[in-house]
Asks: 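Dropping the structure in here first, questions after.
Computed from a prediction, not measured in an experiment: that's the story for all the values here.
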Amino acid sequence: MNKLIFRIISVAFLISNLYLGYSIHQKLSKYQRYKVAYASELNFQSSLLDFKDYINSSEWDNTKKTSRDRLKKLVVAKDKANTLGFFSLITLLLFGGFAFIGFKKFNLSKKQLGIALLHISLVTLCIGICVPFLELGAFMQDLEVNGLGISKTFDGKMYFFYQCKSALGLIQTLFQGNNYVVGIAILVFSILSPFTKLFLYYRHFLLEKNNSNSKLLKIASYIGKYSMADVFVAACFLAFLSFNNLNVGVKTESASLLGLYFFFGYCIVSIGVYYLIEDKKEKNNSELNSLDELI
């Protein structure tokens with residue numbers, strides 16, 4: 001395939017997905033702010049210890065009305081983010097399909113196929129670590145308070161806990177909480193390591209010609225073996241499933257957000273890049289062995 005056409009399509013893909021990724025980040029950040037405000041409005045401590053809610057029944061009604069307004073806004077923001085995520089997924093599939101069909105039918109080189117997969121890996125990784133990936137909450141429904149001559153029912157939800165984090169937000173929270181060991185581990189193995197590996201793979205496809213045994217490529221393979229990207233995604237899913245089934249006297253809610261799925265997509269595609277390079281190495285080695293036999 002003509003290199004110029006491939007470059008134009010690649011640049012268009014990267015620009016469009018960077019824009020979509022930025023838009024997804026904006027919408028999910030807005031969703032995160034609205035959801036935090038929503039949970040704060042229905043917070044257990046602020047409502048239970050506010051005597052105005054006991055004396056004047058309309059105070060709790062006003063609180064619920066304000067929270068419903070925020071709930072409507074956060075639902076709209078999340079729907080818009082999911083729509084943008086769907087468009088991004090379509091472009092990823094189209095670009096991946098273009099690269100695969102081009103490789104099979106239109107003489108797209110293995111180098112171009114590898115670069116296309118790296119573009120997809122880069123996009124999914126950037127979106128995956130920047131946008132929220134998981135939200136967790138704990139609440140009680142229709143909480144009843146009886147004692148000291150007071151009887152009050154807070155109908156609806158009352159939150160004890162709510163968190164919504166991206167990978168970068170989680171690292172920031174860990175450092176702020178002085179959890180440096182865990183924070184550094186996630187930073188190194190789930191952010192620095194993947195970007196380093198992608199850089200080395202890019203260098204291999206763009207700068208090195210028929211040198212699949214280079215030291216840098218071996219370093220990339222070594223990093224890949226000890227990368228915690230797949231462990232990170234699996235841990236998120238386990239946290240999601242376990243938290244959603246807790247039975248501690250309060251109801252729990254958890255949901256996986258777009259960041260988790262994009263990060264999971266990065267894991268899958270980066271594995272494909274690794275096997276593409278391994279296949280290239282095997283073919284080069286077999287060609288060298290054939291030459292040796294002829295000599």
Asks: With a 6.0 Å cut-off on the ring centroids, do Phe199 and His204 count as close?
Replies: no
Asks: Is it true that atom OH of Tyr162 has more than 12 heavy atoms of other residues, nucleotides or ligands lying nearer than 6.0 Å?
Replies: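 More than 12 within 6.0 Å, yes.
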Asks: With a 4.5 Å cut-off on side-chain heavy atoms, are Phe6 and Phe98 touching?
Replies: yes
Asks: What pair of heavy atoms forms the shortest contact from Ser121 to Leu198, and how long is it?
Replies: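 Heavy atoms of Ser121 and Leu198 come nearest at CB-CD2, 3.7 Å.
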Asks: Could you tell me which non-hydrogen atom of Pro194 sits nearest to which non-hydrogen atom of Val188, and how far apart they are?
Replies: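 For Pro194 and Val188, the tightest heavy-atom pair comes out as CD-O, 4.5 Å.
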Asks: About how many Å separate NZ of Lys72 and CG of Asp69, when rounded to the nearest 0.5 Å?
Replies: 6.0 Å
Asks: Indicate, with yes or no, if Leu192 and Ile171 share a hydrophobic cluster defined by side-chain heavy-atom contacts under 4.5 Å among Ile, Leu, Val, Met, Phe, Trp and Tyr.
Replies: yes
Asks: For Tyr31 and Glu135, test the side chains for any donor-to-acceptor distance below 3.5 angstrom and give the result as yes or no.
Replies: yes
Asks: Please examine the side chains of Leu92 and Val123, heavy atoms only from C-beta on, and report whether any two atoms are closer than 4.5 Å.
Replies: yes
Asks: Are Phe262 and Leu125 packed together at the side-chain level, in the sense that at least one heavy-atom pair is separated by less than 4.5 angstrom?
Replies: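 Not in contact.
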Asks: What I'd like to find out is whether the side chain of Leu257 reaches to under 4.5 Å of the side chain of Pro132, using heavy atoms alone.
Replies: yes
Asks: What distance separates Lys78 NZ from Leu28 CG, expressed to the nearest 0.5 Å?
Replies: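 These two atoms lie 8.5 Å from each other.
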Asks: What about Ile115 and Ile271, same hydrophobic cluster or not, with Ile/Leu/Val/Met/Phe/Trp/Tyr joined at side-chain heavy-atom distances under 4.5 Å?
Replies: yes
Asks: Should Ile120 and Tyr22 be regarded as members of a common hydrophobic cluster, given that ILVMFWY residues are connected when their side-chain heavy atoms come within less than 4.5 Å of each other, either directly or indirectly?
Replies: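 As far as the 4.5 Å side-chain criterion goes, Tyr22 and Ile120 are not connected within one cluster.
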Asks: Can you find a side-chain donor-acceptor pair between Asn178 and Tyr180 that sits under 3.5 Å?
Replies: yes
Asks: For the atom pair NZ (Lys110) and CZ (Phe205), what is the distance rounded to the nearest 0.5 Å?
Replies: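 It comes to 9.0 Å.
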Asks: If you count heavy atoms of other groups shown closer than 6.0 angstrom to CZ of Phe195, is the number above 12?
Replies: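 Atom CZ in Phe195 is crowded, with more than 12 foreign heavy atoms closer than 6.0 Å.
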Asks: For a quick test of reading the model, state the closest non-hydrogen atom pair linking Phe100 to Leu113 and the distance between them.
Replies: N-CD1, 4.2 Å
Asks: Please check if Ile184 and Leu170 belong to a single hydrophobic cluster, counting links between Ile, Leu, Val, Met, Phe, Trp and Tyr side chain heavy atoms closer than 4.5 Å.
Replies: yes
Asks: Could you check if a side-chain atom of Ile191 sits within less than 4.5 angstrom of a side-chain atom of Leu168, using non-hydrogen atoms only?
Replies: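 Yes; the side chains approach each other to less than 4.5 Å.
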Asks: Check for me, please, whether Leu4 and Val11 land in the same ILVMFWY cluster - side-chain distances under 4.5 Å, paths through other members count.
Replies: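 In one cluster: no.
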Asks: Yes or no on side-chain contact (heavy atoms from CB on, under 4.5 Å) for Leu74 and Tyr38, after CA distance, side-chain angles and deciding distance?
Replies: CA-CA 9 Å; Leu74 70 88; Tyr38 169 76; 4.0 Å; yes
Asks: Taking Phe13's backbone N and O only, do any of them form a donor-acceptor pair with Asn17's side chain (distance below 3.5 Å, no angle check)?
Replies: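 Yes, the answer is positive, given that a donor and an acceptor are paired below the 3.5 Å cut-off.
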Asks: Is any side-chain heavy atom of Tyr266 closer than 4.5 Å to one of Ile129?
Replies: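 Sidechains of Tyr266 and Ile129: no contact.
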Asks: Of all heavy-atom pairs between Ser29 and His25, which one has the smallest distance, and what is that distance?
Replies: OG-O, 2.7 Å
Asks: Nearest 0.5 Å please: distance from the CD1 atom of Ile268 over to the OG1 atom of Thr124.
Replies: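 Reported value, rounded in 0.5 Å steps: 10.5 Å.
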Asks: Between Gln32 and Cys164, is there a donor-acceptor pair closer than 3.5 Å when you use the side chain of the first and the backbone of the second?
Replies: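 Indeed, once roles are kept as given, a pair shorter than 3.5 Å links the two residues.
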Asks: My understanding is that only residues two or more places apart in sequence, or in another chain, count here; which of them pass side-chain contact (heavy atoms from CB on, under 4.5 Å) with Lys80?
Replies: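 In terms of side-chain contact (heavy atoms from CB on, under 4.5 Å), with neighbours along the sequence ignored, Lys80 is linked to Lys27, Val76.
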Asks: Which pair of heavy atoms, one from Ile24 and one from Ser88, lies closest together, and at what distance?
Replies: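 Looking at all heavy atoms of both residues, the shortest contact is CD1-CB, 4.4 Å.
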Asks: Checking Leu94 now: which residues fulfil side-chain contact (heavy atoms from CB on, under 4.5 Å) with it, not counting sequence neighbours?
Replies: Ile90
Asks: Just so I know, are the side chains of Asn82 and Phe86 near enough to count as touching, which here means a heavy-atom distance under 4.5 Å?
Replies: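 Heavy-atom side-chain distance check fails, nothing below 4.5 Å.
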Asks: Assess the residue pair Phe133 and Ser256 against the criterion (side-chain contact (heavy atoms from CB on, under 4.5 Å)); give the C-alpha distance rounded to whole Å, side-chain angles, the decisive distance to 0.1 Å, and a yes or no.
Replies: CA-CA 6 Å; Phe133 65 87; Ser256 52; over 6 Å; no
Asks: Under the side-chain contact (heavy atoms from CB on, under 4.5 Å) test, which residues partner Leu89, sequence neighbours left out?
Replies: Leu93
Asks: Tell me if the CZ atom of Phe103 is crowded by more than 12 foreign heavy atoms within 6.0 Å.
Replies: yes
Asks: Quick one, Leu276 and Tyr201 - any side-chain contact, counting heavy atoms below 4.5 Å?
Replies: no
Asks: Testing the basics here: between Ser10 and Phe95, what is the closest heavy-atom pair and its distance to 0.1 Å?
Replies: OG-CZ, 3.8 Å
Asks: Atom NZ in Lys197, atom CG in Leu118: separation rounded to 0.5 Å?
Replies: 10.5 Å
Asks: Kindly indicate, with the supporting measurements, whether the criterion side-chain contact (heavy atoms from CB on, under 4.5 Å) is fulfilled by Leu84 and Ser23.
Replies: CA-CA 7 Å; Leu84 292 169; Ser23 300; 3.5 Å; yes
Asks: Within this structure, what is the NZ-CZ distance for the pair Lys35 and Arg70, rounded to the nearest 0.5 Å?
Replies: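 Interatomic distance, Lys35 NZ to Arg70 CZ, rounded to 0.5 Å: 13.5 Å.
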